[in-house]
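Just so it is clear, the structure is predicted and the values come from calculations on it, not from any experiment.
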Amino acid sequence: MTEQHSHQFERGTDGPKVIMAGVDGSESSLRAASYAAGLARRQRALLTLVYVQPVMAAGAALGVPVADTTDQIAEELVRDIQEAAEQVKGIFDVRWEFHTFRGDPYNGLVSAAEQLKADAVVVGASEQAGHRIVGSVAIRLVKAGRWPVTVVP
């Protein structure tokens, strides 16, 4: 009698295989991406950089070209990341991918972490004063308790 083992995804068993960082172009998100890149390099993990394109129905209703603007941000982020990766080529070797998701930042990052099978999530601390009262994306990710979350100041 042979026992069949299902090859299900098992999060974080031998260290992270996929480290996800949320980026939006802010200074804190770029610091988070740098920190995540260092973790990925040391762990020999895949670094997945995720930009969540906001969906703003109200802006679209007013004729604001929201999709074009967020696509441009994503393109600029990819260009900046590629330039940074090129500068350290041969010094640091990090496997990385860039993904875009649509939605609000929290739900977009949750969807990304689930779809990309992230073992760890790295985000920048919110730079918005109101988030200290209402709660930031980082705090909501920590409270979700689904992945280890590192918040980079």
CG-OH distance between Asp24 and Tyr51, expressed to the nearest 0.5 angstrom
7.5 Å
Shortest non-hydrogen pair, Gly22 vs Ser29, comes out as O-CB, 3.7 Å
Arg31 side chain vs Pro153 backbone, donor-acceptor pair below 3.5 Å:
yes
Distance, nearest 0.5 Å, that separates CZ of Arg95 from OG1 of Thr48:
10.5 Å
About how many Å separate CZ of Phe101 and CG of Asn107, when rounded to the nearest 0.5 Å?
12.5 Å
Taking side chain as C-beta onward, heavy atoms only, is Val123 less than 4.5 Å from Leu141?
yes
Tell me if a side-chain donor or acceptor on Arg42 pairs with a main-chain N or O of Gly38 at a distance below 3.5 Å.
yes
Given side chains that start at C-beta, do those of Arg41 and Trp96 come closer than 4.5 Å, heavy atoms only?
no
Heavy-atom side-chain contact between Val151 and Tyr35 under 4.5 Å
no
Taking all non-hydrogen atoms of both residues, which atom of Ala21 and which atom of Ala32 are closest, and how far apart?
CB-O, 4.4 Å
From Met20 CE over to His99 NE2, what is the distance, rounded to the nearest 0.5 angstrom?
10.0 Å
Heavy atoms of Ala33 and Leu47 approach each other most closely as O-CD2, 4.5 Å
To the nearest 0.5 Å, atom CD1 of Ile19 lies from atom CG of Leu49 at 11.0 Å
In this structure, would Val122 and Val18 fall into the same cluster of hydrophobic residues linked by side-chain contacts under 4.5 Å?
no
How many angstroms lie between CG in Leu39 and OG in Ser34, if you round to the nearest 0.5 Å?
11.0 Å
For the student: nearest non-hydrogen atoms of Leu30 and Gly25, plus distance
CD1-O, 3.9 Å
Shared hydrophobic cluster, Val110 / Val142 (ILVMFWY, side-chain heavy atoms < 4.5 Å)
yes
Any side-chain heavy-atom pair from Arg146 and Glu114 closer than 4.5 angstrom?
yes
Donor-acceptor pair, Ser28 side chain versus Ala125 backbone, under 3.5 Å?
yes
With hydrophobic residues grouped by side-chain heavy-atom distances under 4.5 Å, do Tyr106 and Val149 end up in a single group?
yes
